[in-house]
Every structure is written in structure tokens, then in C-alpha cells.
Visitor: 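Before we start, here is the structure in question, set down as C-alpha cells.
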There are 2 protein chains.
Amino acid sequence: MAVTFRLARRGDVPALVAMLADDPLGAARETADMAPYLAAFDAIVTSPAQHLIVGEQAGRIVATCQLTLLPGLSRQGATRALVEAVRVAADLRSSGVGALLMAEAEARARAAGAVLIQLTTDKSRHRAHAFYDRLGYEQSHLGYKKAL
Amino acid sequence: MAVTFRLARRGDVPALVAMLADDPLGAARETADMAPYLAAFDAIVTSPAQHLIVGEQAGRIVATCQLTLLPGLSRQGATRALVEAVRVAADLRSSGVGALLMAEAEARARAAGAVLIQLTTDKSRHRAHAFYDRLGYEQSHLGYKKAL
């Protein structure tokens with residue numbers, strides 16, 4: 001059944017949070033209280049640099065990612081795009097939906113003038129590494145994080 | 001001599017571009033024409049999510065990085081901060097200026113409510129890896145890029 005992509009609406013937030021939590025790493029990080037997610041949603045959608053993308057199939061949210069457009073001086077003033085929080089519904093993994101989701105993110109990035117798209121993925125996510133390799137992403141960088 | 005940190009001004013752009021280009025990877029990527037950089041600067045400073053930080057010593061720009069605040073649903077609606085385009089003047093590397101620059105970025109991220117700060121660095125930048133390790137960053141992720 002076809003998946004259609006669009007920007008997220010406020011009413012999608014519970015489904016998006018459920019998808020973020022249905023994940024080996026996400027399970028320990030999310031909560032049932034929707035208030036912080038709704039506040040974050042409002043911050044995301046008021047920024048013109050943000051595209052919170054959802055994939056919908058027969059009225060059900062089955063995929064999501066967050067695309068951020070980053071203006072920058074480097075690379076002759078290039079705009080780059082950052083992808084965060086990529087998720088596909090558990091029963092649809094390895095079905096091609098993830099590739100369609102990334103194609104949607106890349107199309108939106110290109111339309112906004114980005115010349116480069118980038119993302120990081122946890123070192124433990126071996127299936128994700130193979131997925132991005134297949135889609136033509138180059139594993140050129142190391143990703144560092146620090147809690148504040 | 002003390003380094004003071006502030007947001008970049010339009011007049012700093014040529015010095016910032018010179019610093020981006022004075023780098024093994026940056027040298028091949030930058031140009032002498034300032035027009036694309038000035039356009040990118042204008043896009044950066046009109047976004048409230050962007051902090052283009054410069055370090056100044058005796059009237060000279062000696063360090064820079066770009067901090068972006070990223071609202072997001074993940075991690076209970078956490079705001080995270082992304083650092084890009086970190087540079088220290090060649091004659092001041094290993095002098096402690098880089099650590100001051102990162103402390104400035106972290107303080108700005110924390111003041112804006114970010115709970116996590118993240119960055120990627122090219123796999124070939126071995127001195128940068130040791131630098132971020134020393135500052136308490138965890139090399140937990142792999143960084144992927146794709147040209148659009």
C-alpha cells in the first residue's frame with residue numbers, strides 16, 4: 001500500500017512519540033507524558049529551517065524523520081541539511097519505506113538549496129549503517145556527543 | 001593575551017573565510033570571492049537558532065565555530081545543540097584557545113536550554129579526535145554524508 005509523505009501535524013505527536021519509543025535505544029529515553037513533546041513540536045514547526053516529515057499509510061503514521069536546513073560559511077557558503085530521529089514502524093522495516101522516507105528528505109533538502117545531507121547514527125545500530133551505505137551515504141565522520 | 005568571544009559581524013566574514021581555508025580539508029573547498037559567504041552570513045544571522053561565534057584577541061579573529069539549536073521530539077522533547085565549522089588560528093592551536101571556544105559554545109547551548117551538544121569530525125582529523133575526547137565528548141556515533 002502506498003506511503004504518502006507530508007509535514008507532521010500536532011495531532012500526530014502521540015503516534016510519533018510511540019514510534020520514537022519503539023526502538024532499542026529510544027525505549028529508555030521517552031515518557032508517556034505528552035506535554036514536553038507538544039512544546040517541542042511547537043518549537044519545531046515555528047522554525048522555517050525545520051521539516052518534521054511523516055509517512056502515512058492508510059491513515060497510520062509509519063515513518064518519520066526531522067530535517068533541519070543549516071546555512072553555513074563553509075564550502076563556499078553552502079546550505080547543508082541534517083537528518084535526525086529517523087524511524088520506521090517495526091512491522092515495516094526492510095520493506096522499502098525507509099528508503100522512500102530518505103528520498104523524501106533528500107528531495108526537500110535539494111529543493112531548499114542544500115548541497116549536502118548529513119546524519120549520525122549510534123555505533124550500535126548495525127542495520128542502520130548498512131541502510132545508509134546502500135543509499136549512497138559515505139561514512140566519513142565520527143560523531144561526538146556530550147550531555148550538558 | 002585574553003581571548004574574548006562574541007557573535008560574528010558581517011565585517012568578520014573575510015577573516016572567517018581565511019580561517020576556514022587555512023586547513024588541510026578546507027583549503028580545497030573555499031574560494032576568494034566573498035559574495036557567497038556574505039549571502040550565507042546573512043542567512044545565518046537572521047535565524048534565531050544560529051550563533052556564529054568568534055574569538056577575538058587584540059583585534060584579531062583567532063577562533064570560530066557555528067552553534068545551531070535544534071528543537072526535537074526525541075529524548076522527551078529535548079533541545080540539542082550542533083557545532084559545525086570549528087577553527088582555531090594555526091599559530092594558536094594547542095594553546096588552550098580551542099577549549100575556551102568549546103566552553104563558550106557549551107555555555108551558549110546550556111543557556112538556550114539544550115541538554116546535549118553534538119558534532120562530527122572527519123575521520124582523518126586525529127588531533128581533533130583527541131581534543132574532543134579531552135573535553136569530555138563521547139565518540140558514540142558514526143557520521144554519514146551524501147552530496148545532493
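The figures here come from the full heavy-atom set of this structure, side chains too, leaving out hydrogens, waters and symmetry mates. Everything numeric in this text was worked out from a predicted model, so none of it was measured.
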Visitor: Looking at A:Pro71, A:Ala40, A:Pro48, A:Ala114, which makes the most heavy-atom pairs under 4.5 Å with chain B?
Guide: A:Pro71
Visitor: Just do the salt bridge (charged side-chain N to carboxylate O under 4.0 Å, His left out) check on A:Asp23 and A:Arg29 with the steps written out, would you?
Guide: CA-CA 10 Å; A:Asp23 174 87; A:Arg29 295 198 295 232; 5.2 Å; no
Visitor: Does any heavy atom of chain A fall under 4.5 Å from the side chain of B:Glu30, the backbone, both, or neither of them?
Guide: both
Visitor: Using 4.0 Å as the upper bound for N to carboxylate O, is an ion pair formed by A:Lys146 and B:Glu138?
Guide: no
Visitor: Select one option (side chain, backbone, both, neither) describing which atoms of B:Leu38 are under 4.5 Å from chain A's heavy atoms.
Guide: neither
Visitor: Among B:Gln118, B:Lys145, B:Arg125, single out the residue with the greatest number of heavy-atom pairs under 4.5 Å to chain A.
Guide: B:Lys145
Visitor: If I measure from the heavy atoms of chain B, does A:Gln76 come under 4.5 Å with its side chain, its backbone, both, or neither?
Guide: both
Visitor: Do B:Arg108 and B:Glu104 meet the salt-bridge criterion of a basic N to acidic O distance under 4.0 Å?
Guide: yes
Visitor: When only pairs under 4.5 Å are counted, which of B:Val17, B:Leu70, B:Leu16 shares the most heavy-atom pairs with chain A?
Guide: B:Leu70
Visitor: Strictly by modelled atom types, are B:Arg80 and B:Ser74 linked by a side-chain donor-acceptor pair under 3.5 Å?
Guide: no
Visitor: Examine whether an atom of B:Gln139 lies under 4.5 Å from a heavy atom of chain A, and if so say whether it belongs to the side chain, the backbone or both; otherwise answer neither.
Guide: both
Visitor: When heavy-atom pairs shorter than 4.5 Å are enumerated against chain B, which of A:Thr68, A:Leu142, A:Thr120, A:Asp122 gives the highest number?
Guide: A:Leu142
Visitor: Checking heavy atoms, do the side chain of B:Ser47, its backbone, both or neither come under 4.5 Å from chain A?
Guide: neither
Visitor: Relative to the ring of B:Tyr132, is the ring of B:Tyr137 parallel (under 30°), tilted (30 to 60°) or perpendicular (over 60°)?
Guide: perpendicular
Visitor: Let me confirm one number: the CE-CD1 distance from A:Met102 to A:Ile53, rounded to the nearest 0.5 Å.
Guide: 9.0 Å
Visitor: Looking at A:Thr121, A:Asp133, A:Leu20, A:Val115, which one has more heavy-atom pairs under 4.5 Å with chain B than the rest?
Guide: A:Thr121
Visitor: For each of A:Ala128, A:Gly136, A:Ala109, A:Ala85, tally heavy-atom pairs with chain B at distances under 4.5 Å, and name the one with the top tally.
Guide: A:Gly136
Visitor: Taking side chain as everything from C-beta outward and backbone as N, CA, C, O, which of these in B:Ile44 sits under 4.5 Å from a heavy atom of chain A? Side chain, backbone, both or neither.
Guide: both
Visitor: State, without any angle test, whether A:Asp33 and A:Thr31 hold a side-chain donor-acceptor pair at a distance under 3.5 Å.
Guide: no
Visitor: Strictly below 4.0 Å, N to O, side chains only: are A:Asp22 and A:Arg87 in salt-bridge contact?
Guide: no
Visitor: Which heavy atom in A:Phe5 sits nearest to a heavy atom in A:Val97, and how many Å separate them?
Guide: CZ-O, 4.3 Å
Visitor: Among the options A:Gly72, A:Ala35, A:Ala39, A:Ala49, pick out the one with the most heavy-atom pairs lying under 4.5 Å from chain B.
Guide: A:Gly72
